[in-house]
There are 2 protein chains.
Amino acid sequence: MGKYHHGDVRNVLLQQAENILTEEGPSGLSLRRLARLTGVSEAAPYRHFDGKDGILAAVAIDAFERFAERLEDVAANIKKHEERIMALGAAYVHFAVDFPQHFRLIFGRERPPLDQYPELREAADNAFDVLQRAVTSVDRRADMTLNEAATAYNRALAAWSRAHGIAMLVIDGMIVPPADQELDDFVLGLLAEDLTAPDNT
Amino acid sequence: MGKYHHGDVRNVLLQQAENILTEEGPSGLSLRRLARLTGVSEAAPYRHFDGKDGILAAVAIDAFERFAERLEDVAANIKKHEERIMALGAAYVHFAVDFPQHFRLIFGRERPPLDQYPELREAADNAFDVLQRAVTSVDRRADMTLNEAATAYNRALAAWSRAHGIAMLVIDGMIVPPADQELDDFVLGLLAEDLTAPDNT
DNA sequence: TTGTTAAAGTTAACAAAGTTAACATAAGAA
DNA sequence: TTCTTATGTTAACTTTGTTAACTTTAACAA
């Protein structure tokens, strides 16, 4: 009775998986439910994916690519180094807020192990390379001292971890961005805080 | 045949749950397995906890308390305000590294909803209060202007999110602290980075 | 002491999930 | 055409969360 070989099952499954993820997160994504929604038998997904982790990996690859795209867009359009770092941080958080479940998937425990999915590892590495390059591009001069290079690296880590922390806490609802302010401005303000400076005004 | 009322089942279950969590994370924690390990029937845990979420909540409460204790210890022993913020950040990350699964539990999606477990909410609020107080204590003067208060708040958020980001990325293996440096020093260095400063040395 | 009751166990069952095995069909190569 | 492979299907097995129904123990009132 079922239509065999309608040729698009893999894509339909993936799209449905996206939908479920977006609405309910990885925990709501059950293979059987996915199959039912797609109108296919409950074992069919196994013909196209390596079990549940396989599907999650595929979705995560997609998410990484979208993430990297966004960051690249921002990085490409801003010439000044300091500004670019900041804008990247804002874009990082903005992505998390726009696609919280995707963000959680690519950074959380539900993400399938990178070692088992080479394409996933590639997608992840690519996304972080975009960050790394954009943050350190100006600083990576041939005549850098070791010390300077280390400092540039540290700045990259600092920028990254700050953005990441804000992103996590915001999508977890532990930090609530003020309603009367653009999200990006709020983030830029937090990124710019200097904890070593004396606290006047 | 089974010994009835040996009186300590709840505690034993909780301790075993701790063990499993520490070793395998929340996903490895199955109620039935827990019961088997404890040497009790598979439905017994339901007499002591409100299902799986109930057990997770109990473990999370414990984790929050340990977390808050650590932070309080640090905060109490450092008088200078700037130093205290930094030390708190380091302690925050240190806790995450020492108890990654606990940290993930109290901040991740596996944590049962706070609204359904008042004691859990209380434990969470308490932990964050410790942070908030320690970071803003000096700044919360009666004669503060609105602007000054807002700035103090922002500094608290900035410190928190930075520490949180570092913690997350380190326990996820995306940032690897240098082996030749104390973890605390590494964290302090990252916290102190000022992204707005020009990048010399 | 006895009888009652509530707490703390138990077994047995249900539904849902991931997964695999065994079988069926369609498409395309030989 | 026939054979092979990719793609489906159904049916089973295992584990898990959960609940219902029953049993035992401890505590306590009479």
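So that the names make sense, note that chain A is the first sequence line, chain B the second, and so on, each numbered from 1. Values below: every heavy atom of this structure, side chains too, minus hydrogens, waters and symmetry copies. Quick caveat, the model's predicted, so the values are computed rather than measured.
- One atom, NZ of Lys52(A), and another, P of dG18(C), lie 5 Å apart when rounded to the nearest Å.
- Gln16(A) and Thr38(A) get closest at one heavy-atom pair: CG-OG1, 3.8 Å.
- Not one side-chain nitrogen or oxygen of His48(B) sits closer than 4.0 Å to the OP1 or OP2 atom of dA7(C).
- Looking at heavy-atom distances under 4.0 Å, Ser30(B) makes contact with sugar-phosphate atoms alone, never a base.
- In this entry the distance linking CG of Asp53(B) with C1' of dT16(D) reads 14 Å, nearest Å.
- If you check dA22(C) for Watson-Crick or wobble pairing at under 3.5 angstrom, you find it paired to dT9(D).
- Using cut-offs of 30° and 60° on the angle between ring planes, the pair Phe107(A) and Tyr92(A) is tilted.
- Side chain of Tyr46(A), nearest nucleotide from dG17(D), dT19(C), dT10(D): dT19(C).
- Nearest to the side chain of Arg32(B), among dT10(C), dT18(D), dT9(D), sits dT18(D).
- Residue-to-nucleotide proximity on DNA chain C shows that, of Ala43(A) and Arg36(A), the 5′-proximal contact is made by Arg36(A).
- Following rounding to the nearest Å, Arg10(A) (CZ) and dG8(D) (P) show an atom-to-atom distance of 12 Å.
- If you take CG of Asp50(B) and P of dT18(D), they are 8 Å apart, rounded to a whole angstrom.
- Ring geometry for Phe99(B) versus Phe95(B): interplanar angle of 30 to 60°, hence tilted.
- Atoms CZ (Phe49(A)) and P (dA6(D)) sit 17 Å apart, rounded to a whole Å.
- Mapped onto DNA chain C by nearest heavy atom, Leu31(A) and Arg47(A) fall at different nucleotides, with Leu31(A) at the one closer to the 5' end.
- Between Phe128(B) and Phe67(B), the distance separating the two ring centers is not shorter than 6.0 angstrom.
- Within 4.0 Å of Leu29(B), counting heavy atoms only, lie sugar-phosphate atoms of the nucleic acid but no base atom.
- Here dT19(C) presents its C1' atom at 19 Å from CZ of Arg33(A), a figure rounded to the nearest Å.
- Glu42(A) places its CD atom 16 Å from the P atom of dC13(D), with the value rounded to the nearest Å.
- Atom CD1 in Ile55(B) sits roughly 11 Å away from atom C1' in dG17(D) (whole-Å rounding).
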Practice prompt. For Arg66(A) and Asp98(A), run salt bridge (charged side-chain N to carboxylate O under 4.0 Å, His left out): C-alpha distance rounded to whole Å, both residues' side-chain angles, the deciding distance at 0.1 Å, then the answer.
Written response: CA-CA 12 Å; Arg66(A) 248 190 285 180; Asp98(A) 283 349; over 6 Å; no
